[in-house]
Amino acid sequence: MGHAGSKDALKAQDAPLFALRHSAAHIMAQAVTRLYPQTKLAIGPPIEDGFYYDLDPPVALTEEQLPVIEAEMAKIIKENHPFQQSSIAKADAVRRFAGQPYKTELVQGIAGEQVSLYTDGEFTDLCEGPHVGATGEVKAFKLLAVAGAYWRGDEHNKQLQRIYGTAYFTPEELQAHVVRLEEAKRRDHRRLGKELGLFSFEELAGPGVVFYHPKGARVRWVIEDYVRRLHLARGYEPVATPHIFRTDVWKRSGHLDHYQDYMFLFESEGMPYGVKPMNCPGHILIFASTTRSYRELPVRLFELGTVYRNEKSGVLHGLLRVRGFTQDDAHIFLREDQLVGELREILDFAFEVLRAFGFEQYEVELSTRPEQFIGTVAGWDAAELALRDALEAGGVPYTVRAGEGAFYGPKIDLKIRDAIGRSWQCGTVQCDFALPERFDLTYAGADGRSHRVVMIHRALLGSFERFFGMLIEHYAGAFPFWLAPVQAVVIPLTDRQVPYARTVLGRVRAAGVRVELDERNEKMQAKIRDAQLAKIPYMLIVGGREETAGTVAVRHRKDGDVGAMAMEALLARLRDEPLPAQHGSGQAGAL
RNA sequence: GCUGGAGUAGCUCAGUCGGUAGAGCACGUCCUUGGUAAGGACGGGGUCACGGGUUCAAUUCCCGUCUCCAGCUCCA
């Protein structure tokens, strides 16, 4: 995970705000230094939503001290020290920062003879700038959190304390930012998952494994149903493979060498096993189980494959990073000359799926050949070109991450942002020249000889868990009609209308709609409120008038009261609700 | 895994400077039979995350563990 916006982009984009936040970072470091003179300073840049400073104070800082630091910052701001740049020789800088090991290290890493310093009042920092004119210009700031961060981002180095804060030109903008953070909190899938009864984690069962409750499982079924249908329509063959394999498989695949830390391993009757962290070996064993002809390629094996990865405890995050998850995973075995066409189809497929779920904005990254690679340069070039072609054919903007491909092949990742702007990898399309070698995957060519296949690994949603989490945040829990766990609720006005309400329920249900009856002894208003909070698209209210007329008073969660309708008109309206499927039967909303 | 913070009813939280706890919502029963976002009364429900230690006594203090939160590292 990580923020896509680079510092340079930010600089160019919003230089004045950059300078303001950078100055705020200096003032914060200055304040901490006043409070704890032995503090050693590292770095303090502006970032997308604010700034931070990494420092190594003589005592551990806690959030309770943030107001104290803020108060000291306010003093420095009031003193209105001008920021003044100066330039000194590196040797002088090293002397100047004696007792500041991180600064010394930074100075020594700078090219050239001179280094740039910025001074405000008694405080001088190694810095290229730019800054605002004087500390008094920082009028709206707030410290947000204290966290740990490794020196130079390396976990083998000492962990420093990082204080996050933010700064804006006006208090109004700062306030707006705080409001945005609160809104994002309301969209948090972990909170909504609980409120809407979608899923839970159970402490007793262990971390990172998801329990889908009935409403969450309904949504999952709808998604599965949709995804399965599309795969069938696009020539994928469904397969199902085991969850545990003897470790011989994992030795052969290389997972035991490269992935062991992430694997759940166990033993039975003296035989070592591993729970699958990936589905590829299972699909490979199916492909390899018989002689393959060039005529049948590409072979596309698809599975909703559940995998388990022993992720480090600290990285787990709601549904977005879990230990057990199910991928919409396929492996395609083909000839190298088929690669281009197949990749184009896969990308087209991936974008279709993202659009169906309302994700119009995503980031696409192409990772190319790394230093260490296997296979032929020609093969890599063909694969990279194929990936580029496919992207450009779709008019998709993408960024290239040069040399970031896997050792076995280049790949495309599709990333979506969550409610607070963190981006998460969902779909991935990877070319693979390695596993076909390791498992000796071949086909009989037209020449009667045996040839090596190429493999594509791809998942479009990525995993149901992560995708579901993103979907919840994307819609803030208000799923579109076709995905809503409960699409309509029948609300009888009094218990005299319950029999009629059951008739309505039966007819709507028979039309394939996920509908429930709320026959609690509550006032209609209370039932409406609960239905609104549950974000149910349709409320079908039946009182004496409707029963007499044989109609239903329809309320929509967004449009409110839309008036009484005859059953036929109601069913027609529900039928007209937009569905995502462009392929196949078009009845993806049905469950 | 690391740094910091937190775990009290199904949920959101209050509280106890050591004497085994409370609110709102939810849930149950009864009353109420209503017209587009909360009708009323009564009631049930907690090994205060778990395990040790100190103490006459631990939800409260100490140690350990687990889980969660923010960030770092990682994400094949």
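Each chain gets a letter, A, B and so on, in the order its sequence line appears, and its residues count up from 1.
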Less than 4.0 angstrom between a side-chain N/O of [X] and OP1 or OP2 of [N], yes or no?
| X | N | result |
| --- | --- | --- |
| A/Tyr262 | B/rC74 | no |
| A/His317 | B/rA70 | yes |
| A/Arg520 | B/rG39 | no |

When you compare [N] with [M], how far apart are their [atom1] atoms, in angstrom units rounded to a whole number?
| N | M | atom1 | answer |
| --- | --- | --- | --- |
| B/rG4 | B/rG45 | C1' | 35 Å |
| B/rA49 | B/rU8 | P | 6 Å |
| B/rA6 | B/rG22 | P | 25 Å |
| B/rG64 | B/rG1 | P | 16 Å |
| B/rU60 | B/rU54 | C1' | 13 Å |
| B/rA14 | B/rA9 | C1' | 13 Å |
| B/rG24 | B/rC30 | P | 22 Å |
| B/rU47 | B/rU12 | C1' | 23 Å |

In A/Asp56, A/Ile43, A/Leu41, A/Asp54, the residue satisfying side-chain contact (heavy atoms from CB on, under 4.5 Å) with A/Tyr102 is A/Asp56
Length of the line joining [X]:[atom1] and [N]:[atom2], which is rounded to integer Å:
| X | N | atom1 | atom2 | answer |
| --- | --- | --- | --- | --- |
| A/Glu519 | B/rU32 | CD | P | 19 Å |
| A/Glu311 | B/rG1 | CD | P | 12 Å |
| A/Ile528 | B/rA37 | CD1 | P | 6 Å |
| A/Asp518 | B/rA26 | CG | C1' | 14 Å |
| A/Leu143 | B/rG4 | CG | P | 19 Å |
| A/Asp56 | B/rC72 | CG | C1' | 15 Å |
| A/Asp188 | B/rC69 | CG | P | 9 Å |
| A/Lys523 | B/rA37 | NZ | P | 11 Å |

Where do N or O atoms of nucleotides 9-13 of chain B meet protein N or O atoms at under 3.5 Å, pair by pair?
from   : atom 1 : to       : atom 2 : distance (Å)
B/rU12 : OP1    : A/Lys194 : NZ     : 3.3

Ring pair (Phe, Tyr, Trp, His ring centres under 6.0 Å) against [X], all qualifying residues, sequence neighbours excluded:
| X | answer |
| --- | --- |
| A/Phe333 | A/Phe287 |
| A/Phe439 | none |
| A/Tyr53 | none |

Would a line drawn from the ring center of A/Phe468 to the ring center of A/Phe325 be shorter than 6.0 Å? no
Residues pairing under side chain to side chain donor-acceptor pair (under 3.5 Å) where one sits in residues 542-554 of chain A, two or more places apart or in two chains, turn out to be none
Tell me, do A/Glu519 and A/Arg502 make a side-chain contact under 4.5 Å, heavy atoms counted? yes
Check salt bridge (charged side-chain N to carboxylate O under 4.0 Å, His left out) between [X] and all other residues, then give those that pass, not counting sequence neighbours.
| X | answer |
| --- | --- |
| A/Arg252 | none |
| A/Arg557 | none |
| A/Glu303 | A/Lys276 |
| A/Asp559 | A/Arg573 |

Toward the 5' end of RNA chain B, which comes first, A/Tyr259 or A/Gly208, by nearest nucleotide? A/Gly208
Would you classify [X] as touching base, sugar-phosphate or nothing, given that sugar-phosphate means primed atoms plus P, OP1 and OP2, and contacts are heavy atoms under 4.0 Å?
| X | result |
| --- | --- |
| A/Gln161 | sugar-phosphate |
| A/Met539 | nothing |
| A/Gln425 | sugar-phosphate |
| A/Leu533 | base |
| A/Arg496 | sugar-phosphate |

Tell me whether the side-chain N or O atoms of [X] pair up with the base of [N] as donor and acceptor below 3.5 Å, since no angle test is needed here.
| X | N | result |
| --- | --- | --- |
| A/Arg152 | B/rC72 | no |
| A/Tyr150 | B/rG71 | no |
| A/Asn521 | B/rU33 | no |

Choose from [options] the nucleotide whose nearest atom is closest to any side-chain atom of [X].
| X | options | value |
| --- | --- | --- |
| A/Lys312 | B/rG39, B/rU73, B/rU36 | B/rU73 |
| A/Tyr164 | B/rG35, B/rG71, B/rG1 | B/rG71 |
| A/Ile541 | B/rA37, B/rC68, B/rG35 | B/rG35 |
| A/Ala526 | B/rC72, B/rC68, B/rA38 | B/rA38 |
| A/Arg190 | B/rC69, B/rU33, B/rG71 | B/rC69 |
| A/Glu203 | B/rG35, B/rG71, B/rU67 | B/rU67 |
| A/Val315 | B/rG35, B/rU73, B/rA37 | B/rU73 |

Is any side-chain N of the basic residue among A/Asp154 and A/Arg152 closer than 4.0 Å to the acidic one's carboxylate O? no
Can you tell me how the ring of A/Phe266 sits relative to the ring of A/Tyr273, calling it parallel under 30°, perpendicular over 60° and tilted otherwise? parallel
Review item, side-chain donor-acceptor pairs of residues 492-499 of chain A, under 3.5 Å, at least two apart:
from     : atom 1 : to       : atom 2 : distance (Å)
A/Thr494 : OG1    : A/Arg496 : N      : 3.1
A/Thr494 : OG1    : A/Gln497 : OE1    : 2.9
A/Gln497 : OE1    : A/Thr494 : N      : 2.8

Runs of at least three Watson-Crick or G-U pairs with RNA chain B, cut-off 3.5 Å: B:1-7 with B:66-72, B:10-13 with B:22-25, B:27-31 with B:39-43, B:49-53 with B:61-65
Ordered by number, residues from residues 546-560 of chain A within less than 4.0 Å of RNA chain B (heavy atoms) are A/Glu546, A/Ala553, A/Arg555
Any chance the side chains of A/Glu202 and A/Ser200 put a donor and an acceptor closer than 3.5 Å? yes
